[in-house]
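Notes follow the structure.
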Amino acid sequence: MFPTVAEVLELDALKRGAPQVVAGASGLQRPVRWVHISELADIAGMLHGGELVLTTGVMLPDDKEALARYIDDLADVGAAGLVVELGRRYADVLPRPLVRAAERRGLPVAVLRTEVRFVAVTEAVHAHVVNAQLSRLRVSEAVHQTFNELSVEGAEPDEVVREVARMAGAPVVLENLSYQVLAFDPAGRDPQALLDGWERRSRGVTPAGRTGHDTRTGWLVTGVGARGRDWGRLVIVGEPGPAASEPHAHAVLLERGAATLALNRLLERDRESLERQTHRTLLSGILTHALTVSDVALRARALGVPLEGRRLVGVMLRPRGGPASAALEAQARLRDFTETAALAVRERGLSALTGALDDGAVGVLVSLGPSDDEHAALDGFAAALDRLTEPVAGAPAFVMAAGSSVGSLRDARRTLLEAAQVADAALHGGRKAGTYYRLPDVRLRGLLHLLRDDARLQTYVERELGPLLAHDAEHGTDLVRILTVYLDAGRNKSAAADAAHLSRPSFYDRLHRVERILGVDLDQVESCLSLHVALLALEAVRR
């Protein structure tokens with residue numbers, strides 16, 4: 001917001017005096033907060049920092065120690081610089097002691113060869129400051145209007161990130177609590193260079209406060225979340241070194257972008273048909289206990305889906321997508337897949353609630369009559385859905401999993417959750433013959449995959465493994481892999497050393513380093529169990 005000393009010297013009001021910098025040229029980029037006119041030798045006590053002092057020097061002392069002390073006092077209070085008009089006290093040059101002291105302290109000192117009106121200088125500089133303030137207000141108004149519109153329109157995260165990058169003129173990344181990229185905009189730069197080794201680089205950036213600038217990397221970072229629960233970070237990727245000339249403007253921009261992301265996540269509603277929205281509301285109500293059993297039964301019956309006195313089977317459908325970076329795009333495709341699943345339900349003549357769920361799956365609660373064959377109904381539904389969708393890399397476009405059938409609407413939540421756990425395990429596990437998956441395919445990995453987007457699980461991983469991950473990232477070691485090999489080998493150190501292709505002494509030494517870094521005893525079963533769960537969770541969230 002403030003002009004630099006160099007910019008002030010270029011103003012017409014000062015250029016009339018033919019200014020010449022005679023000392024402290026390295027400090028010409030100091031900001032000038034104010035211009036102060038004074039002939040006093042002890043003016044430093046009246047300054048607050050950032051002032052450019054204008055003087056003719058008529059009252060400056062004669063002895064060299066006092067002149068050096070005058071400069072030291074100005075530098076100590078943070079003065080921006082000193083401008084001396086020649087002709088009244090000093091004819092052609094300034095005293096050498098003053099110039100040497102200014103050069104030593106890096107305080108810019110300039111001389112004026114001809115007379116100028118000092119009041120004109122103060123007016124010009126202060127007008128510059130006021131105009132800069134007005135410019136900042138205009139920028140703030142533009143930011144306010146832009147992000148208000150994005151909030152009202154319910155913009156997708158990609159749109160918000162793109163707008164932040166455009167206004168900042170720098171790459172912007174949205175990441176989750178495990179430092180994984182959810183959305184990004186490279187601002188015209190190489191995306192590969194921006195994202196290469198992102199997790200390792202981002203782990204090392206921990207600025208103080210909710211919003212902060214990291215001088216080592218040049219990143220400006222703020223938390224993203226609402227109601228006291230963060231779920232990610234928004235980053236403007238700058239260049240290493242001090243904050244940019246407009247750090248405040250970028251901080252405001254970043255925080256508005258983060259607020260828009262948090263608000264849109266709270267208010268996000270799929271653009272689906274009214275029927276699909278109603279189905280989804282009922283399924284969500286069952287899963288979250290937001291609706292009573294009687295309320296669900298009544299509203300489902302009004303939709304033509306009787307749930308009372310029937311056998312209910314929870315089904316979860318998870319579309320097979322691309323890599324993790326395409327997760328946000330997959331959310332848009334989920335709406336179309338939901339309609340396709342509803343079409344398959346109608347084709348097979350099934351009675352079911354069908355709706356998209358917040359974790360990226362389509363939930364189906366199938367209602368079976370006394371004479372309906374459960375396996376035939378599920379098999380026929382899977383075949384119809386398979387026919388209506390395009391394969392992905394030669395495999396079915398979705399994973400279908402079914403929970404155990406229940407005889408009461410009160411137990412519907414259990415069958416839906418069981419189906420979700422099975423589907424998640426199947427999505428990341430091996431292939432299985434048959435059209436759909438059931439409970440025998442589920443293990444601990446499936447449960448952790450189900451919870452991988454939960455901030456609490458990500459926090460647990462960081463609490464258990466954060467120091468070790470940070471150590472590996474900083475020193476280029478592979479202690480996380482060593483710990484994984486050891487636990488996968490059932491804590492058999494000899495077998496683990498062989499699996500790691502290390503000598504036993506080397507392997508044992510690395511295990512001791514793991515213990516020291518994490519502050520745990522690997523001979524304790526409970527510690528190893530906790531770490532093993534954290535490693536499995538780390539694998540899940542990194543997918």
Side-chain angles (χ1 to χ4, degrees), residues 270 272 275-276 278-288 296-297 300 303-307 310-321 333-369 372-389 395-429 432-442 446-447 449-450:
D270 291 337
E272 7 173 54
E275 180 186 5
R276 293 279 69 77
T278 307
H279 280 230
R280 178 166 58 88
T281 298
L282 293 180
L283 288 169
S284 297
I286 293 170
L287 288 168
T288 63
V296 171
L303 289 168
V305 183
L307 299 177
R310 313 265 290 184
R311 283 183 298 123
L312 306 176
V313 181
V315 173
M316 285 290 167
L317 303 167
R318 295 195 181 277
R320 292 185 187 274
R333 298 197 302 265
L334 187 64
R335 290 190 291 270
D336 294 333
F337 183 72
T338 304
E339 294 293 345
T340 303
L343 177 59
V345 166
R346 288 193 293 270
E347 276 196 8
R348 296 301 302 174
L350 296 175
S351 180
L353 295 176
T354 308
L357 301 176
D358 291 341
D359 62 350
V362 174
V364 182
L365 184 61
V366 180
S367 177
L368 300 172
D372 293 332
D373 182 84
E374 180 177 328
H375 179 71
L378 297 176
D379 207 27
F381 171 62
L385 188 56
D386 187 54
R387 181 175 53 79
L388 293 170
T389 54
F398 60 94
V399 167
M400 174 176 165
S404 303
S405 63
V406 297
S408 168
L409 182 54
R410 294 184 181 279
D411 297 321
R413 182 174 184 272
R414 174 165 58 83
T415 185
L416 285 169
L417 290 178
E418 182 178 303
Q421 188 175 353
V422 174
D424 207 66
L427 186 64
H428 299 290
K432 169 185 175 292
T435 55
Y436 59 93
Y437 295 79
R438 302 211 84 154
L439 186 60
D441 299 303
V442 176
L447 175 62
H449 279 296
L450 180 66

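Keep in mind that what you see is a predicted model, and the values were worked out from it rather than measured. All values below were derived from every heavy atom in this structure, side-chain atoms included, with hydrogens, water molecules and symmetry-related copies excluded.
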Determine the minimum heavy-atom distance between [X] and [Y], stating which atoms define it.
| X | Y | value |
| --- | --- | --- |
| T415 | S404 | OG1-O, 2.8 Å |
| F398 | T389 | CE2-OG1, 3.8 Å |
| L378 | A402 | CD1-CB, 3.9 Å |
| L416 | M316 | O-CE, 3.7 Å |
| A341 | L385 | CA-CD1, 3.8 Å |
| F381 | A344 | CE1-CB, 3.7 Å |

Are any non-hydrogen side-chain atoms of [X] and [Y] less than 4.5 angstrom apart?
| X | Y | answer |
| --- | --- | --- |
| V364 | M400 | no |
| L388 | E347 | yes |
| Y436 | L317 | no |
| R310 | L368 | no |

| Residues two or more places apart in sequence or in another chain: which of them pass side chain to side chain donor-acceptor pair (under 3.5 Å) with E374? |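 E374 satisfies side chain to side chain donor-acceptor pair (under 3.5 Å) with S405, R438 only.
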| field | For R348, all residues meeting side chain to side chain donor-acceptor pair (under 3.5 Å), sequence neighbours excluded | value |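 Per chain and number, R348 pairs via side chain to side chain donor-acceptor pair (under 3.5 Å) with no residue.
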What's the spacing between [X] [atom1] and [Y] [atom2] if we round to 0.5 Å?
| X | Y | atom1 | atom2 | result |
| --- | --- | --- | --- | --- |
| L334 | T340 | CG | OG1 | 10.5 Å |
| L350 | S367 | CG | OG | 10.0 Å |
| L357 | L283 | CG | CG | 6.0 Å |

| Main-chain N/O of G407 paired to R311 side chain as donor or acceptor, under 3.5 Å |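 Absent.
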| Where the side chain of D372 meets the backbone of G369, is there a donor-acceptor pair that is under 3.5 Å apart? |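 Side chain of D372 to backbone of G369, a donor-acceptor pair under 3.5 Å: yes, one is there.
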| Testing L307, V315, V296 for side chain to side chain contact (heavy atoms under 4.5 Å, CB included) with L365, which one passes? |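 Result for side chain to side chain contact (heavy atoms under 4.5 Å, CB included) with L365: L307.
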